[in-house]
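Here is the structure we will look at, set down as structure tokens.
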Amino acid sequence: MKVTVVGAGNVGATCANCIAEKDIVNEVVLLDIKEGVAEGKSLDMWQTAPINLYDTRIKGVTNDYEATNNSEVVVITSGLPRKPGMSRDDLIATNAGIVKSVTENIIKHSPNAKIIIVSNPLDVMCYCAYLTAKIDSSRVFGMAGILDTARYRAFLAEALNVSPKDIQALLLGGHGDTMVPLPRYTTVGGIPVTELMDHDTLHAIIERTKVGGGELVKLMGTSAWYAPGAAAAQMVEAIVCNHRRVFPVCALLNGEYGMNNIYLGVPVILGKNGIEKIIEVKLDKDEQELLAQSAKAVKTVMNVLDDMKLFN
Ligand SMILES: NC(=O)c1ccc[n+]([C@@H]2O[C@H](COP(=O)([O-])OP(=O)(O)OC[C@H]3O[C@@H](n4cnc5c(N)ncnc54)[C@H](O)[C@@H]3O)[C@@H](O)[C@H]2O)c1
Ligand SMILES: O=C(O)C[C@H](O)C(=O)O
């Protein structure tokens, strides 16, 4: 079984490395436009196989889509990351064209692939790939929710001084500062988090989670890659192993949560066919309002994509 990762930058290379270390596929192809970079990083990674004890072959290529033929899953990470002072939405002018052209090549060479988008602005780049690929939306979706809930869970684990393994959480909405962490659906070893933490501490953690990407951009001058790469690799694993994991994933909504024709983060079952099912959880009035605000922010960026006239 073959998996392709497009973009051999910070996130793409980390993701390829995480997939290889899981030892769940025969081959990972890493593709970039920069001459030699994917080849070099792949060779470096492959030289960790005798140390980390895996068999997955890693092949780096420069724009050679033949090498990606018949991939089961393709992760698209190509595109600019933001710099301090930028919002993810500022990236659309460059990244929409990149995601469109990469998706065209991918679908030509792997017509049956499941496509995981990572490039930002995430929700609208998913929509851009969906319009380009012209395949069922169960096979085109995005990674953000696993990352955003991982940040939320890590902050909670730190504050409660417990293992992050025991924290389960759900988060809905767009992958922007309007994302909607749901304390009502957050548990620690099965115990509602609201029983273990006072309101103000929980509120501060939620607010920190919402701007978690920006916190890292400020520190590093570019955006995060370890957790994003690991999160995308976890989605690949759920698909190639048909684990039917329940993850928050950026999916096209067609009536779910009362929304239509918009990509937003929602809980799904992820298995061999991609999105096997979108799960609708009950929301109270406040949660519904927050989700509506998040959808409004994503719609604004969808309008920018529309104005770019890439699809007419
Ligand atoms: N969804 C998320 O949660 C999440 C998390 C982190 C980063 N991101 C996004 O992922 C993207 C990549 O981030 P990064 O830190 O890896 O950036 P990076 O600059 O390190 O890597 C991007 C790579 O894409 C390559 N590239 C550009 N155009 C290409 C094309 N047409 N074909 C193939 N490769 C191409 C570049 O050469 C570069 O190597 C950014 O848009 C960033 O905002 C999203
Ligand atoms: O913050 C960014 O620009 C990258 C990514 O979306 C993240 O949340 O880390």
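Just so you know, ligand 1 is whichever comes first in the structure, and atom 1 is the first atom listed for that ligand. Values below: every heavy atom of this structure, side chains too, minus hydrogens, waters and symmetry copies.
- In terms of the side-chain hydrogen bond (donor to acceptor under 3.5 Å, both in side chains) criterion, residue partners of Thr201 (sequence neighbours excluded) are, by chain and number, Asp198.
- Counting only distance, with no hydrogens or angles, the side chain of Glu27 and the backbone of Lys2 share no donor-acceptor pair below 3.5 Å.
- Among protein heavy atoms, the minimum distance from atom 22 (C) of ligand 1 is reached at Gly79 O, 3.3 Å.
- Thr178 pairs by the side-chain hydrogen bond (donor to acceptor under 3.5 Å, both in side chains) definition with Ser294, not counting sequence neighbours.
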Intermediate values then yes/no, side-chain contact (heavy atoms from CB on, under 4.5 Å), Tyr127 and Asn261: CA-CA 9 Å; Tyr127 192 61; Asn261 203 32; 3.0 Å; yes
Within the protein, flag every N or O under 3.5 Å from an N or O of ligand 2, and note the pair and distance.
from: ligand 2; atom 1: 1 (O); to: Arg82; atom 2: NE; distance (Å): 3.2
from: ligand 2; atom 1: 1 (O); to: Arg82; atom 2: NH2; distance (Å): 2.7
from: ligand 2; atom 1: 1 (O); to: Arg88; atom 2: NH2; distance (Å): 3.4
from: ligand 2; atom 1: 3 (O); to: Arg82; atom 2: NE; distance (Å): 2.5
from: ligand 2; atom 1: 6 (O); to: Arg88; atom 2: NE; distance (Å): 2.8
from: ligand 2; atom 1: 6 (O); to: Asn120; atom 2: ND2; distance (Å): 2.9
from: ligand 2; atom 1: 6 (O); to: His175; atom 2: NE2; distance (Å): 2.6
from: ligand 2; atom 1: 8 (O); to: Arg88; atom 2: NH2; distance (Å): 2.8
from: ligand 2; atom 1: 8 (O); to: Arg151; atom 2: NH1; distance (Å): 2.8
from: ligand 2; atom 1: 8 (O); to: His175; atom 2: NE2; distance (Å): 3.2
from: ligand 2; atom 1: 9 (O); to: Arg151; atom 2: NH1; distance (Å): 3.4
from: ligand 2; atom 1: 9 (O); to: Arg151; atom 2: NH2; distance (Å): 2.7

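- Proximity of Asn120 to ligand 1, defined as any heavy-atom pair under 4.0 Å, is shared by backbone and side chain alike.
- Contacts between Asn95 and ligand 1 below 4.0 angstrom, taking non-hydrogen atoms only, involve the side chain exclusively.
- Judged purely by atom type and a 3.5 angstrom limit, Glu280 uses its side chain to pair as donor or acceptor with the backbone of Tyr257.
- Distances below 4.0 Å separate heavy atoms of Ala224 from the following atoms of ligand 1: 6 (C).
- In terms of protein heavy-atom proximity, atom 20 (O) of ligand 1 is nearest to Asn10 N, 2.9 Å.
- At least one N or O atom of Asp32 sits closer than 3.5 Å to an N or O atom of ligand 1.
- Residue nearest to atom 40 (C) of ligand 1, selected from Thr94, Ile146, Leu80: Leu80 (by heavy-atom distance).
- Both the backbone and the side chain of Met143 come within contact range of ligand 1, each with a heavy atom under 4.0 Å.
- Of the protein's heavy atoms, Val118 O, 2.8 Å lies nearest to atom 44 (C) of ligand 1.
- Between the side chain of Thr149 and the backbone N or O of Ile146, at least one donor-acceptor pair lies under 3.5 Å.
- Ser119 places a side-chain N or O within 3.5 Å of a backbone atom of Ser78 that can act as its donor or acceptor partner.
- Within a 6.0 Å radius of OH in Tyr226, no more than 12 heavy atoms belonging to other residues, nucleotides or ligands are found.
- A heavy-atom separation below 4.0 Å is found between Ile98 and ligand 1.
- Listed by number with element, the atoms of ligand 1 under 4.0 Å from a non-hydrogen atom of Leu122 are 1 (N).
- Annotation: atom 11 (C) of ligand 1 to nearest protein heavy atom, Thr77 O, 3.4 Å.
- Ligand 1 has no nitrogen or oxygen under 3.5 angstrom from a nitrogen or oxygen of Ser101.
- Judged purely by distance below 3.5 Å, without hydrogens or angles, the side chains of Tyr54 and Thr48 pair a donor atom with an acceptor atom.
- Taking each heavy atom of Ala251 and Ile278 in turn, the nearest pair found is CB-CD1, 4.0 Å.
- Residue Thr222 has no N or O atom closer than 3.5 Å to an N or O atom of ligand 1.
- With atom 17 (O) of ligand 1 as the reference point, the heavy atom nearest to it among Cys15, Pro81, Ala13 is part of Pro81.
- Side-chain N or O atoms of Arg244 include none that pairs as donor or acceptor with a backbone N or O of Asn242 at under 3.5 Å.
- Partners of Glu215 according to the side-chain hydrogen bond (donor to acceptor under 3.5 Å, both in side chains) rule, which considers only residues two or more places apart in sequence or in another chain, are Arg208.
- Other residues, nucleotides and ligands contribute over 12 non-hydrogen atoms within 6.0 Å of the NZ atom of Lys41.
- If you check which protein heavy atom lies closest to atom 21 (O) of ligand 1, you get Gly9 CA, 3.2 Å.
- At a 4.0 Å heavy-atom cut-off, ligand 1 touches Leu91 through the side chain alone.
- Backbone and side-chain nitrogen or oxygen atoms of Val6 are examined, and none is located within less than 3.5 angstrom of a nitrogen or oxygen of ligand 1.
- The distance from the CD atom of Glu39 to the CG atom of Leu30 is 8.5 Å, given to the nearest 0.5 Å.
- Look at Lys100 and Glu104 and you find a salt bridge, because one of the NZ, NE, NH1 or NH2 atoms lies within 4.0 Å of a carboxylate O, short of that distance.
- Looking only at atom types and distance, the side chain of Thr4 has a donor-acceptor partner in the side chain of Ser71 under 3.5 Å away.
- When heavy-atom distances to ligand 1 are checked against a 4.0 Å cut-off, Pro228 comes that close only through its side chain, counted from C-beta outward.
- Neither the backbone nor the side chain of Ala231 comes within contact range of ligand 1; no heavy atom lies under 4.0 Å.
- For Ile33, heavy-atom contacts with ligand 1 shorter than 4.0 Å involve the backbone as well as the side chain.
- Scanning all protein heavy atoms for the shortest distance to atom 7 (C) of ligand 1 gives Val11 CG2, 3.7 Å.
- Partner of Asp148 under the side-chain hydrogen bond (donor to acceptor under 3.5 Å, both in side chains) criterion, out of His175, Lys210, Arg153: His175 alone.
- Of the heavy atoms in Asp148, none comes closer than 4.0 Å to ligand 1.
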